[in-house]
**Student:** 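Dumping the structure here so I can ask a few things about it.
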Amino acid sequence: MENVASILTITLPSFIAYEDWLKRTKDFFLSDEKIKKYLADNGLKKWTYIKTDDEEPIKVVIIFEYKDKKSFDKCQPIFLKFMPQISDLIYKSNIVRGKVILDEILKDHQLK
């Protein structure tokens, strides 16, 4: 089976809004071991946040990598449960989902 990635770009109007969004995200997903275990047990392999260097608006790229499409589907109820936690925030999001077609790690000699 092929890995599936879900890539989100979140744009927030200010650093204060970004800090609020980040706190709520961490409080919901990272403070509850049951949620982390559920996601891992159901095929979420990796979850990465990348904050751009832009001053304002603040942009965060989020990459979720799943074992396969079935894993993605199993994890969605948790993410849908989270959405009301940020419904009062002003932000814009764009989502791209698809199969991972290249995942290459360069060896030391390739980096020199």
**Student:** Is there a side-chain contact between L44 and F72, using heavy atoms and a 4.5 Å cut-off?
**Tutor:** no
**Student:** Please report the closest heavy-atom contact between S71 and N42, naming both atoms and the distance.
**Tutor:** CB-O, 3.1 Å
**Student:** Decide yes or no on side-chain contact (heavy atoms from CB on, under 4.5 Å) for I35 and L39, but give the supporting numbers first.
**Tutor:** CA-CA 6 Å; I35 288 176; L39 293 170; 4.0 Å; yes
**Student:** How far apart are the closest heavy atoms of Y66 and S6, and which atoms are they?
**Tutor:** CE1-CB, 4.1 Å
**Student:** Quick one: side chains of residues 77-94, donor-acceptor pairs under 3.5 Å with protein atoms, not counting sequence neighbours, listed by atom name and distance.
**Tutor:**
from	atom 1	to	atom 2	distance (Å)
S87	OG	P84	O	3.2
D88	OD1	R24	NH1	2.5
D88	OD2	R24	NH2	3.3

**Student:** I'd like to check the side-chain contact (heavy atoms from CB on, under 4.5 Å) partners of D53; sequence neighbours left out, ordered by chain and number.
**Tutor:** none
**Student:** Of the non-hydrogen atoms in A17 and P13, which two are nearest, and what is the gap between them?
**Tutor:** CB-CD, 4.0 Å
**Student:** Might you point out which heavy atoms bring V100 and A5 nearest each other, and give the distance in Å?
**Tutor:** CG2-CB, 3.9 Å
**Student:** Please identify each residue that fulfils side-chain contact (heavy atoms from CB on, under 4.5 Å) with I101, with sequence neighbours left out.
**Tutor:** none
**Student:** Not counting sequence neighbours, which residues clear side-chain contact (heavy atoms from CB on, under 4.5 Å) with D27? List them please.
**Tutor:** K23
**Student:** Quick one: do F64 and T48 satisfy side-chain contact (heavy atoms from CB on, under 4.5 Å)? Show the steps, please.
**Tutor:** CA-CA 7 Å; F64 299 98; T48 305; over 6 Å; no
**Student:** Not counting sequence neighbours, which residues clear side-chain hydrogen bond (donor to acceptor under 3.5 Å, both in side chains) with K37? List them please.
**Tutor:** D41
**Student:** Does I16 CD1 have over 12 foreign heavy atoms under 6.0 Å away?
**Tutor:** no
**Student:** Before giving the answer on side-chain contact (heavy atoms from CB on, under 4.5 Å), spell out for I7 and V61 the whole-Å C-alpha distance, their side-chain angles and the decisive distance to 0.1 Å.
**Tutor:** CA-CA 7 Å; I7 302 164; V61 177; 4.0 Å; yes
**Student:** Taking only residues two or more places apart in sequence, or in another chain, which ones meet E55 in a side-chain hydrogen bond (donor to acceptor under 3.5 Å, both in side chains)?
**Tutor:** none
**Student:** Any non-hydrogen side-chain atom of Y18 less than 4.5 Å from a side-chain atom of K51?
**Tutor:** yes
**Student:** Give a yes or no on whether the backbone of K34 and the side-chain of D32 come within a donor-acceptor separation of less than 3.5 Å.
**Tutor:** yes
**Student:** According to the interplanar angle, ranging from 0 to 90°, do the rings of W47 and Y49 count as parallel (below 30°), tilted (30 to 60°) or perpendicular (above 60°)?
**Tutor:** perpendicular
**Student:** Taking the side chain as C-beta and beyond, is there a heavy-atom pair between K36 and L30 under 4.5 Å?
**Tutor:** yes
**Student:** Is it the case that one hydrophobic cluster holds both W21 and F15, taking links as side-chain heavy atoms less than 4.5 Å apart, direct or via other members?
**Tutor:** yes
**Student:** Checking I10 against I62 for the side-chain contact (heavy atoms from CB on, under 4.5 Å) test, could you report, in this order, the C-alpha distance in whole Å, the side-chain angles of both residues, the deciding distance, and whether it holds?
**Tutor:** CA-CA 8 Å; I10 306 289; I62 306 168; 3.7 Å; yes
**Student:** Regarding K99 and N3, is there a side-chain donor-to-acceptor distance under 3.5 Å anywhere?
**Tutor:** no
